[in-house]
Amino acid sequence: MNKYMATFIQDNLEEILNKWQEMMKEDSEERFFQVMSQEVIDKTSREFAELMISNLFEGENNYENRLIEFTNKVVRFGWSISFVMKAINHFAHIVYEMLEKNETITDANMKEYVMVFTNWTTPMRDGILETYAKTWERTVQLQKIALQELSASLIPVFDKISVMPLVGTIDTERAKLIMENLLDGVVKHRAEVVLLDITGVPVVDTMVAHHIIQAADAVRLVGAKCMLVGIRPEIAQTIVTLGINLKDFTTTSTLQRGVEQALAWTNRKIVEVEVD
């Protein structure tokens, strides 16, 4: 039965894919079918169909390779796991209805075919769910590493003045990276003033404040001054409510004001020049 179904799908692939795409567009709230070109949709649909067919009659190794390759692709496309489950259900439903229509499936063999379909789709669901979880976890981890590297760099903006923009949640692991990059940057750029910009930090709690204070203390130990900038009103409220002591810090609400203060500390200022 498996080989017959695989052959049937291959022989009627265009009709199955057209019906499947229509069902997915009507049933799903995912943006894949709205934002992707028809060429990408058709190519991905065919790869999905090949995956469904391969589960019927290919060897386990070939199927697993297809599964991993396809799952990696749909993760990049942003398919949710519910979207993938719908895709499997709709595809199987269309094939079942077509087999029923041409009287391959009858009242006499219906139970047997139901079992065949169950044995066909259940391993696919389980395999895709497991592979999807691993692929998504790996993707998120890589994104996290990239974010850490991008958002923990000390950037020289003026002679003797550098800025470190912080973005996202600061945990203990990330705080270590910030500290290392901060100290290395201060020495490398010969910075006398460092501005820690927390505009992109969504939440400042006691632990985050502790990491920031540690970073500032470390900067002072290597002979530079540290300023905390980008304190939004809601962050200021949280700091006061939690009783976090930032009295040893110079703080400003914006990076612009911080730069002006840093220039003053280094005996400079910004002036307007009139052009004739």
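Positions are given from 1, in the same order as the sequence printed here. Fair warning: this is a prediction, and the values are worked out from it, not measured in the lab.
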Should the heavy atoms of other residues, nucleotides or ligands under 6.0 Å from CD of Glu39 be counted, would the total exceed 12?
-> no
For the pair Lys19 and Glu15, find out whether any cationic side-chain nitrogen is under 4.0 Å from an anionic carboxylate oxygen.
-> yes
Report yes or no: do Met207 and Val201 belong to one cluster of Ile/Leu/Val/Met/Phe/Trp/Tyr joined by side chain heavy-atom distances under 4.5 Å?
-> no
Can you tell me how far the CE atom of Met227 sits from the CZ atom of Arg257, to the nearest 0.5 Å?
-> 12.5 Å
Mind checking whether Val203 and Ile235 sit in one hydrophobic cluster, side chains of I, L, V, M, F, W, Y counted as touching below 4.5 Å?
-> no
With Lys43, which residues qualify under salt bridge (charged side-chain N to carboxylate O under 4.0 Å, His left out), at least two apart?
-> Glu47
Using the test side-chain contact (heavy atoms from CB on, under 4.5 Å), find all partners of Thr251 that sit at least two apart in sequence or belong to another chain.
-> Leu228, Ile231, Phe249
Can you tell me how far SG of Cys226 sits from CG of Leu221, rounded to the nearest 0.5 angstrom?
-> 11.5 Å
Residues pairing under salt bridge (Lys or Arg N to Asp or Glu O under 4.0 Å) where one sits in residues 202-228, two or more places apart or in two chains, turn out to be Asp217-Arg220
So side chain to side chain donor-acceptor pair (under 3.5 Å) across residues 184-193, not counting sequence neighbours, yields none
How long is the gap from CG on Asn18 to CD on Glu22, to the nearest 0.5 Å?
-> 7.5 Å
Start with the C-alpha gap between Ile9 and Met52, add the side-chain angles, then the distance that decides, and say whether side chain to side chain contact (heavy atoms under 4.5 Å, CB included) holds.
-> CA-CA 9 Å; Ile9 294 170; Met52 296 291 289; 5.7 Å; no
What are the two closest heavy atoms between Val193 and Leu195, and how far apart are they?
-> CG1-CD1, 3.9 Å
Side chain to side chain contact (heavy atoms under 4.5 Å, CB included) between Met23 and Phe91, intermediate numbers included = CA-CA 9 Å; Met23 288 187 74; Phe91 195 94; over 6 Å; no
Taking only residues two or more places apart in sequence, or in another chain, which ones meet Tyr96 in a ring pair (Phe, Tyr, Trp, His ring centres under 6.0 Å)?
-> Phe117
Could you tell me the separation between the CG atom of Asp11 and the CD1 atom of Ile16, rounded to the nearest 0.5 Å?
-> 9.0 Å
May I ask you to decide if Ala87's main-chain N or O and Trp20's side chain share a donor-acceptor pair within less than 3.5 Å?
-> yes
Dump the intermediate steps for side chain to side chain contact (heavy atoms under 4.5 Å, CB included) on Leu154 and Asn181, then the final yes or no.
-> CA-CA 7 Å; Leu154 193 65; Asn181 289 357; 5.9 Å; no
Can you give me every donor-acceptor pair (side chain of residues 260-271, partner residue at least two apart or in another chain, under 3.5 Å) with its distance?
unit_1 : atom_1 : unit_2 : atom_2 : d
Thr266 : OG1    : Ala262 : O      : 3.1
Thr266 : OG1    : Leu263 : O      : 3.1
Thr266 : OG1    : Arg268 : NE     : 3.2
Thr266 : OG1    : Arg268 : NH2    : 3.0
Arg268 : NH1    : Asp159 : O      : 3.3
Arg268 : NH2    : Asp159 : O      : 2.6

What about Ile155 and Val219, same hydrophobic cluster or not, with Ile/Leu/Val/Met/Phe/Trp/Tyr joined at side-chain heavy-atom distances under 4.5 Å?
-> no
Exercise: identify the closest heavy-atom pair between Gly230 and Thr199 = CA-OG1, 3.4 Å
Smallest separation among heavy atoms of Leu13 and Ala49, with atom names | CD1-CB, 3.7 Å
Test item: Asn89 and Arg125 side chains (from C-beta on) under 4.5 Å apart, heavy atoms | yes
Please walk me through it: do Glu100 and Met110 pass side chain to side chain contact (heavy atoms under 4.5 Å, CB included)?
-> CA-CA 9 Å; Glu100 201 173 33; Met110 184 179 294; 4.1 Å; yes
Ile178, Val187: one ILVMFWY side-chain cluster at the under-4.5 Å cut-off?
-> no
Which atoms form the tightest heavy-atom contact between Val259 and Phe158, and what is the distance?
-> CG1-CE1, 3.5 Å
With the side chain counted from C-beta on, respond yes when Asn102 and Met98 share a heavy-atom pair under 4.5 Å apart, and no when they do not.
-> no
Counting N and O atoms only, with roles assigned by atom type, does the side chain of Asn119 sit under 3.5 Å from a partner on the main chain of Met115, one being a donor and the other an acceptor?
-> yes
Heavy-atom side-chain proximity of Leu196 to Leu182 below 4.5 angstrom | yes
Which pair of heavy atoms, one from Thr104 and one from Asn109, lies closest together, and at what distance?
-> O-ND2, 3.0 Å
Quick one: CG on Leu17 to CG on Asp42, what's the gap to the nearest 0.5 Å?
-> 8.0 Å
Spatial distance of atom OG1 (Thr44) from atom CZ (Arg46) [nearest 0.5 Å] | 11.5 Å
Do you know which two heavy atoms are closest between Val229 and Gly258, and how far apart they sit?
-> CG1-CA, 3.9 Å
